[in-house]
Protein chains: 2
Amino acid sequence: MTARPAKKKTATRTPRQPDRPERTDIRTIARLANVSIATVSRTINGVTTVDPKLSKRVWDVVEKLDFVPNTQARALVSGRSKILGLIISEITNPFFPELIQGFEDIAVDNGYEILVSSTNHDPQRMSHCIRRMLERKVEGVAIMTFGIEEPLLDQLAKRKVPMVFIDHGPDRAGISVLKIDYHHGIRQAVQHLAALGHRSIAFVSGPHHLHSAQSRLAAYNKSMQECGIQPLSEQIAEGDHTLEGGGAAMEKLLALNPLPTAVVCSNDLTAIGVLHKLYRTGLKVPDDISVIGFDDIHIAEVMMPPLTTVQMSRADIAKAAFEALRSHVEATDSKPAPREYKVPTQLIVRESTGFPRGTMTHLRKKT
Amino acid sequence: MTARPAKKKTATRTPRQPDRPERTDIRTIARLANVSIATVSRTINGVTTVDPKLSKRVWDVVEKLDFVPNTQARALVSGRSKILGLIISEITNPFFPELIQGFEDIAVDNGYEILVSSTNHDPQRMSHCIRRMLERKVEGVAIMTFGIEEPLLDQLAKRKVPMVFIDHGPDRAGISVLKIDYHHGIRQAVQHLAALGHRSIAFVSGPHHLHSAQSRLAAYNKSMQECGIQPLSEQIAEGDHTLEGGGAAMEKLLALNPLPTAVVCSNDLTAIGVLHKLYRTGLKVPDDISVIGFDDIHIAEVMMPPLTTVQMSRADIAKAAFEALRSHVEATDSKPAPREYKVPTQLIVRESTGFPRGTMTHLRKKT
DNA sequence: CTGAAAGCGCTAACAA
DNA sequence: TTGTTAGCGCTTTCAG
């Protein structure tokens, strides 16, 4: 017996690397288990019509060799990559890692892999990232990016890749959107403040060009009016959903006279920036001024003081996003995929809100 | 002209979905550009020996049809998936997203995709996650997880998948290790404190079973001795690298009499937990007690007060991890991959450190 | 320099 | 129920 690989088939071509490490493929298993490769495939994929005896033989060999099927090959022939894309704005905003976690968990539980990519609001990165998703043949993409260039979506739409958006997305087939109930949470926030006695409530928005930021701002305006307070344009400062942006916006607000007694922020990072600016200025929260955030990122709870904020559940969003994608992937004519998913929000009262300055003693007497 | 797809090849089998959307593969391009599929492949892959005329014809068609090559097929035949795995402990620790970002950037720039997975310290998740990496045929894995079950690695090692670890990894072929210079940064921290006049410096460690936590603790002990201070075991509290763990550890330290005048923490999350606990207790930082963190996560800068911490660059780690993996993947006998990479650390002084309580006035006079 | 053809590892007809 | 076989879309010999 020589070392020459005795290929059964026409070995007219190169036999590849002769010293190639023992590759274990479905064929090897078949040979060792004395069945056909089809049986191996069926066994591994849990087809129930396989004779238990054969199936056991197959499993034994699979375990003995630690066989792991090649997903690439599987995807190629079945046409299903079992990969879902997840595009986010910036991974450094703690909101997103929490979302990724949730999405990954549910996807993996359902046999999908995820391809995450953050765009940092850079259109070129975005474009590159869509290209990568296309190359890897993702079966769907969750675009959790608070704003996107429409033309890029055509790339995906043209190839009929299902998509889910947050807040706002093109109204086309295969596209779902997660409707966040901004108004509910923000109304609770404003009402909470109003109930405490605040009338001068400022707002630090996100970037005006983002839909999600606009929705939050609109919710603030509406809620103010519902409380019988006319929102003042000078009390609305534009931030950019970052720590630094929050600080800068608060700085502008600080120039106001009289100073607002409370400020609601478009997200938690902004609120933390605000808190920090206030700390720098020497103003006490909540004694001098109350602050409310939005998102309820984990760290909000350990701020000094712990941040009152509107919670938007990452787990809910992740779950809804996954379900939306899945229902498209598995959609049939008789069971079309729903277009909209509701995501609730809810105020979490902690310690960054209190009575407006000057009224505390007064109100305390009442209690 | 009927709608019947006129297949050239033997159509003895099912012609798939007859209404399948116009798939654009390399063959379509070849037909339209009037060249062979081999030429299309060569053109797309930038083989220089292709006649410019043909190559232009190919590119024109590619652009016209928006052709995107199928990575799965490519991977299957070439044996190179161009996927790198990245395993982290918990994505909710802000340290990791920043690392992911850096790793993704450099990987994508070099034509790799990354498969991220967080284990949450759960061995079962870890096992599942390695399995997934194997299935997707990753070309290398960065295990940035501060502690791992050795047996699981065999799965990867057996298949000769290159790996990089942080701090500490098995000493085998194909495995590199990123040596973080904990001692440098922590010595700077302790010296900074000692220079300020502190002699009673506590330490909140990470979980004792993690190598990285032990290394940090060892660095603290050594640095203390270098400053002529004998570390006291009661001044060392075990945390778990989370916000909550930091708070709990500080609580234990608070029972000490006398109270330490400073506390060094094994990571920033821990330090923030400590800061929060101190805030709850009414102790002022740094007037009553100084606090130092480790990692320099972004948010450290806006704590109240801004956290003095030891910086460990995510970008450096990401870059080193990628280089380590790449050098293995592309290793030749003449150019073997290096086994170790150094990662520097450095103290960033902010405002959570000051003179020990009671000495402030005294020292101020001097200045 | 170009094209024909042999698979990569697997699934899914279809035949037995 | 099991086995045989034709590809999935691409890269890569090898012959021309």
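Everything numeric in this text was worked out from a predicted model, so none of it was measured. Convention: sequence-line order gives letters A, B, ...; per-chain numbering from 1.
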Is there a donor-acceptor pair under 3.5 Å between the side chain of A/Arg159 and the backbone N or O of A/Gln155?
yes
With a 3.5 Å distance limit and no angle check, can you tell me whether A/Glu90 reaches the backbone of A/Asn120 through a side-chain donor-acceptor pair?
no
Hey, does B/Ile317 have a side-chain heavy atom less than 4.5 Å from the side chain of B/Met144?
yes
Would you call A/Arg132 and A/Glu135 a salt bridge, taking side-chain N to carboxylate O under 4.0 Å as the test?
no
For residues B/Asp25 and B/Asn70, determine if any side-chain heavy atom of one lies less than 4.5 Å from a side-chain heavy atom of the other.
no
How long is the straight-line distance from CD1 of B/Ile29 back to OG of B/Ser41, given to the nearest 0.5 Å?
12.0 Å
Considering only heavy atoms, which members of residues 32-48 of chain A lie under 4.0 Å from some atom of DNA chain C?
A/Ile37, A/Ala38, A/Ser41, A/Arg42, A/Asn45
Is there side-chain contact between A/Thr43 and A/Val62, with at least one heavy-atom pair below 4.5 Å?
no
Please give, in whole Å, the distance from D/dT4 P to A/Ile26 CD1?
14 Å
Rounded distance (nearest 0.5 Å) linking atom CG of A/Leu99 with atom CG of A/Asp316:
10.5 Å
Near-strand residues of residues 65-74 of chain A, defined as heavy-atom separation under 4.0 angstrom from DNA chain C
A/Phe67, A/Pro69, A/Asn70, A/Ala73, A/Arg74
Is any side-chain heavy atom of B/Tyr112 less than 4.5 Å from a side-chain heavy atom of B/Val329?
yes
Whole-Å distance, B/Glu135 CD to C/dG9 C1', equals 14 Å
In whole angstroms, how far is the C1' atom of C/dA12 from the CG atom of A/Leu76?
14 Å
Is it the case that the side chain of A/Glu113 and the backbone of A/Ile83 share a donor-acceptor pair, with hydrogens and angles ignored and the cut-off at 3.5 Å?
no
For DNA chain D, determine which residues of residues 50-63 of chain A have any heavy atom closer than 4.0 angstrom to one of its atoms, and list them numerically.
A/Val50, A/Asp51, A/Leu54
In whole angstrom, what separates A/Arg31's CZ from D/dG3's P?
15 Å
Within the structure provided, determine whether A/Asp154 and A/Arg172 are in side-chain contact (heavy-atom separation under 4.5 Å).
yes
A/Ile29 atom CD1 is separated from C/dG9 atom P, nearest whole Å, by 13 Å
